[in-house]
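Remarks on the structure that follows.
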Amino acid sequence: MIRLNLQRGSAFMTMLKRSLRGKSLLLKRFATRFRSLFTHVVVPKPLRTFGRHALATLAVLAVAGLAARPAAAEELAKNLFGAKQLPAVAAPQSIGFYSKGCFAGGVAIPLNGPKWEVMRPSRNRRWGHPTMIALIEKLSRDAAADGWPGLLVGDISQPRGGPMLTGHASHQIGLDADIWLTPMPDRKLSLEQRENMSATLLVDEKTHLVKDALWAPAHTRLLKRAASYAEVERILVNPGIKKKLCDTVKGDRGWLRKVRPFWGHDYHFHIRIGCQPGSPKCKAQENAAPGDGCDQSLAWWFTEEPWRPNKNPDRPKARDLMTMASLPAACQAVLDGPDPASAEAVTYYGDGVPVAAAPVLTKAPSPARASASGAAALPATANAYAETPEIGIPLPRPRPGG
């Protein structure tokens, strides 16, 4: 590695100022030594003012850059987390922020449930904090009671969270989930259908308004039910869907405060729950603005400004720049954590505990029980690593399709 001696660099600049001869001499010396580095250099316009001596300035800057450049580029965090197929063995914990973090002790929602089916299963994004997974399972039952046929579950998180290879900027700490606004069909979808079936777009791309022929009161009931849970802090929808709710919801409108407009989200809605107990390193989001959100902040979405073309479309996304150094330090331990025995061992089927039992890999505290929006009690360490609670003689119950 070439090291630039700052003292000599200072002397060099002094010599440049002293005489044209000194400039030419040093320029030749640098050109001979670093000719291969500057074969294709294009001198920036501001430096052209300095004529032929601009190359000497560029030489100094290039040498300094070589000294500061690491020996090898650090692996992107999205590649490291995207390669993990199973969660880290640990008590459930979200680390960092929704768009910059990771999580441990995750569980998976089954591909099939009584009132849900997981879409795009090949992405392996059906993982989340146990409270998130329990809430989706509860929503599927409550929504069915409200008349919704069943949930088509979109992306939740990768097994250990972190930045994704494609798609979302958030969904990194196990507390986000996407639910399609297309009702579950009355027949079981094949894996091929789940990979390729298109969702129904409810919003006109030109007017940014809901397509009235596709909107039903059942959509409103589904969103209201999701917003009713105390754990839910945000529900992101397309601005057109927010406007439809503002224009049609009568009576109790308090729940509309949680429903916030955002780009996209024209075929699904995004549920976000708050940081959960046992996650001291989880960074909470700001509180939602007061009111029902049917004010000037919504009117802005129906001006030209939000839809103007990106002035810098080639700007790299955050996930394409994030390394492990960009994430909270604790995410390295999550990345390096041991795998469970299998995905089945950490799959949550409801009723408070995963169906399958994995070997106890770490000693866990007695399973203090918590609830998810009134759902069946869920152990704080419901990830198949806690000791089995004393429940007496087990009674048989049908297991949902797996």
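What you see is a predicted model, and the numbers here were worked out from it, not measured in a lab.
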Next on the checklist: Tell me whether Asn196 at atom CG has more than 12 heavy atoms from other residues, nucleotides or ligands lying less than 6.0 Å away.
Outcome noted: yes

Next on the checklist: I'd like to know if the side chain of Trp116 and the backbone of Ile136 have a donor-acceptor N/O pair within less than 3.5 Å.
Outcome noted: no

Next on the checklist: How close do Val232 and Ala226 get, counting heavy atoms only, and between which atoms?
Outcome noted: CG2-O, 3.4 Å

Item to check | Test item: Arg253 side-chain N/O and Cys246 main-chain N/O as donor-acceptor pair under 3.5 Å | outcome: yes

Next on the checklist: For the backbone of Cys282 and the side chain of Ser279, can you confirm whether one donor and one acceptor N or O come within less than 3.5 Å of each other?
Outcome noted: no

Next on the checklist: Using a 3.5 Å distance criterion without hydrogens, assess whether the side chain of Arg319 forms a donor-acceptor pair with backbone atoms of Gly167.
Outcome noted: yes

Item to check | Lys211, NZ: over 12 other non-hydrogen atoms inside 6.0 angstrom | outcome: yes

Next on the checklist: Quick one about Gln285 and Arg272 (side-chain donor to acceptor, distance below 3.5 Å, no hydrogens or angles considered), yes or no?
Outcome noted: yes

Checklist entry - Under the 3.5 angstrom rule, does the side chain of His268 hit a backbone N or O of His265 as a donor-acceptor pair? => result no

Checklist entry - Going by heavy atoms in the side chains, are Leu222 and Phe269 under 4.5 Å from each other? => result yes

Item to check | Check: Gln158 main-chain N/O paired with Arg123 side-chain donor or acceptor under 3.5 Å | outcome: no

Checklist entry - Any ring-ring contact (aromatic ring centres under 6.0 Å, His included) pairs touching residues 155-191, not counting sequence neighbours? => result His168-His171, His171-His270, Trp180-Tyr267

Next on the checklist: Closer than 4.0 angstrom, basic N to acidic O: yes or no for Arg221 and Asp146?
Outcome noted: no

Atom pairs and distances, side-chain donor-acceptor, residues 306-316, under 3.5 Å, sequence neighbours left out:
from   : atom 1 : to     : atom 2 : distance (Å)
Trp307 : NE1    : Trp301 : O      : 2.7
Asn310 : OD1    : Asn312 : N      : 2.9

Next on the checklist: Main chain of Ala299, side chain of Thr303: is a donor-acceptor contact present, judged purely on distance under 3.5 Å?
Outcome noted: no

Next on the checklist: Between Lys243 and Leu298, is the side-chain contact (heavy atoms from CB on, under 4.5 Å) condition met? List the steps.
Outcome noted: CA-CA 7 Å; Lys243 187 177 190 308; Leu298 177 60; 4.2 Å; yes

Checklist entry - Under 3.5 Å, side chain of Lys242 to main-chain N/O of Val259, donor-acceptor pair present? => result yes

Checklist entry - Without hydrogens or angle criteria, can the side chains of Ser157 and Gln172 be said to hold a donor-acceptor pair below 3.5 Å? => result no

Output a table of donor-acceptor pairs, distance under 3.5 Å, between side-chain atoms of residues 83-101 and any protein atom two or more places apart or on a different chain; print 'none' if there are none.
from  : atom 1 : to     : atom 2 : distance (Å)
Lys84 : NZ     : Leu335 : O      : 3.3
Ser94 : OG     : Ile173 : O      : 2.8
Tyr98 : OH     : Ile273 : O      : 2.8

Next on the checklist: Within the structure provided, determine whether Phe302 and Thr207 are in side-chain contact (heavy-atom separation under 4.5 Å).
Outcome noted: no

Next on the checklist: Run the side-chain contact (heavy atoms from CB on, under 4.5 Å) test on Trp127 and Ile156 for me, step by step, so that the C-alpha distance in whole Å, both residues' side-chain angles and the decisive distance to 0.1 Å come before the verdict.
Outcome noted: CA-CA 6 Å; Trp127 303 86; Ile156 306 173; over 6 Å; no

Checklist entry - Under 3.5 Å, is there a donor-acceptor pair between the Glu305 and Trp300 side chains? => result yes

Next on the checklist: Checking the side chain of Arg120 only, and the main-chain atoms of Glu195 only, is there a donor and an acceptor separated by less than 3.5 Å?
Outcome noted: yes

Item to check | Val346 side chain near Pro159 side chain, heavy-atom distance below 4.5 Å | outcome: no

Next on the checklist: Set out, in order, the CA-CA distance, both residues' side-chain angles and the distance that settles side-chain contact (heavy atoms from CB on, under 4.5 Å) for Thr131 and Leu175, then state yes or no.
Outcome noted: CA-CA 8 Å; Thr131 302; Leu175 305 179; over 6 Å; no

Next on the checklist: If you apply the rule side-chain contact (heavy atoms from CB on, under 4.5 Å), what do you find for Asp292 with Arg257, and how did you get there?
Outcome noted: CA-CA 4 Å; Asp292 59 12; Arg257 179 183 180 185; 5.7 Å; no

Checklist entry - Quick check: does any side chain N or O of Lys115 sit under 3.5 Å from a backbone N or O of Ala143, one acting as donor and the other as acceptor? => result no

Checklist entry - Do Lys188 and Asn112 touch side chain to side chain, with heavy atoms closer than 4.5 Å? => result yes

Checklist outcome for this item: When every non-hydrogen atom of Leu152 is compared with those of Pro185, the smallest separation belongs to CD2-CD, 4.2 Å

Item to check | Closest non-hydrogen atom pair, Pro121 against Leu191 | outcome: CG-CD2, 4.0 Å

